[in-house]
Amino acid sequence: MKSYSIIVLLILLGCASKETFQTQFPISISDYFYQIKGNQTHFVIEFQQSISEDIKLEKLYFRNQTAAIKMISGKKAEAIFIKPDLILDANPENEYGNLPPIPQKQRFQLNSNEAVLEFTQNGKIKHYKFTNITEKSNK
């Protein structure tokens, strides 16, 4: 009986790997938001100063999607999430090119107003979680 409890304990400890997030990003963030432009969602991060060379922005996880993040300027980064265009027609034959959504296993359990930035600092992969994300109009 004692061996069963030890085995169960080892299995539970092995499966309980929980992702830890950085409480602060290494550089001060002045603003973050998203904008919807047609079938694209642009997630923008604005920094108070330029990012040092030891920090590399990798991916952004937002609303069950993952996108590479790119620097627009020294103080601004952007990730673009693209939804495929759908053909909607009364005649189903005209909708032939539509593809069904492909379910993907999500790495993080996030609310709709949360995102996770994956970055490397000095060669170590780290994650920073954004909360209370707002939409800004794209005027």
Any pair counted as salt bridge (charged side-chain N to carboxylate O under 4.0 Å, His left out), so long as it reaches residues 115-124, sequence neighbours left out: Arg107-Glu118
Sequence-distant partners of Asn39, side-chain hydrogen bond (donor to acceptor under 3.5 Å, both in side chains), two or more places apart: Asp85
Sequence-distant partners of Ser52, side-chain hydrogen bond (donor to acceptor under 3.5 Å, both in side chains), two or more places apart: Asp54
Heavy atoms from other residues, nucleotides or ligands near CD of Gln109 exceed 12 (cutoff 6.0 Å): no
Hydrophobic cluster partners of Val44 (side-chain heavy atoms under 4.5 Å): Phe33
Value rounded to 0.5 Å, distance of CD in Gln40 from NZ in Lys83: 12.0 Å
Shortest non-hydrogen contact between Ile45 and Leu117, atoms and distance: CD1-CD2, 4.3 Å
Those residues that, when tested against Glu114, pass side-chain contact (heavy atoms from CB on, under 4.5 Å) (two or more places apart): Leu110, Asn111, Lys129, Thr131
Which residues share a side-chain contact (heavy atoms from CB on, under 4.5 Å) with Lys56, sequence neighbours left out: Glu58, Thr120
Partner set under side-chain hydrogen bond (donor to acceptor under 3.5 Å, both in side chains) for Gln121, not counting sequence neighbours: Lys126
Nearest-0.5 Å distance that lies between atom CD in Gln35 and atom NZ in Lys136: 8.0 Å
All side-chain contact (heavy atoms from CB on, under 4.5 Å) counterparts of Ile27, not counting sequence neighbours: Phe25, Phe47, Gln49, Ile51, Ile55
Any residue meeting ring pair (Phe, Tyr, Trp, His ring centres under 6.0 Å) with Phe130, in chain and number order, not counting sequence neighbours: Tyr32, Phe43, Tyr128
Closest non-hydrogen atom pair between Lys75 and Ser50, with its separation: CG-N, 3.9 Å
Geometric class of the Tyr61/His127 ring pair [parallel <30°, tilted 30-60°, perpendicular >60°]: tilted
Gap separating the CZ atom of Arg63 from the CD1 atom of Ile133, nearest 0.5 angstrom: 8.0 Å
Salt bridge (charged side-chain N to carboxylate O under 4.0 Å, His left out) partners of Asp89, counting only residues at least two apart: none
Any residue meeting salt bridge (charged side-chain N to carboxylate O under 4.0 Å, His left out) with Glu78, in chain and number order, not counting sequence neighbours: none
CD1-CD1 distance between Ile72 and Ile69, expressed to the nearest 0.5 angstrom: 8.5 Å
same_hphob_cluster(Phe81, Met71) at 4.5 Å side-chain heavy-atom cutoff: yes
Approximate separation, where rounding is to 0.5 Å, of Lys70 NZ and Leu57 CG: 12.5 Å
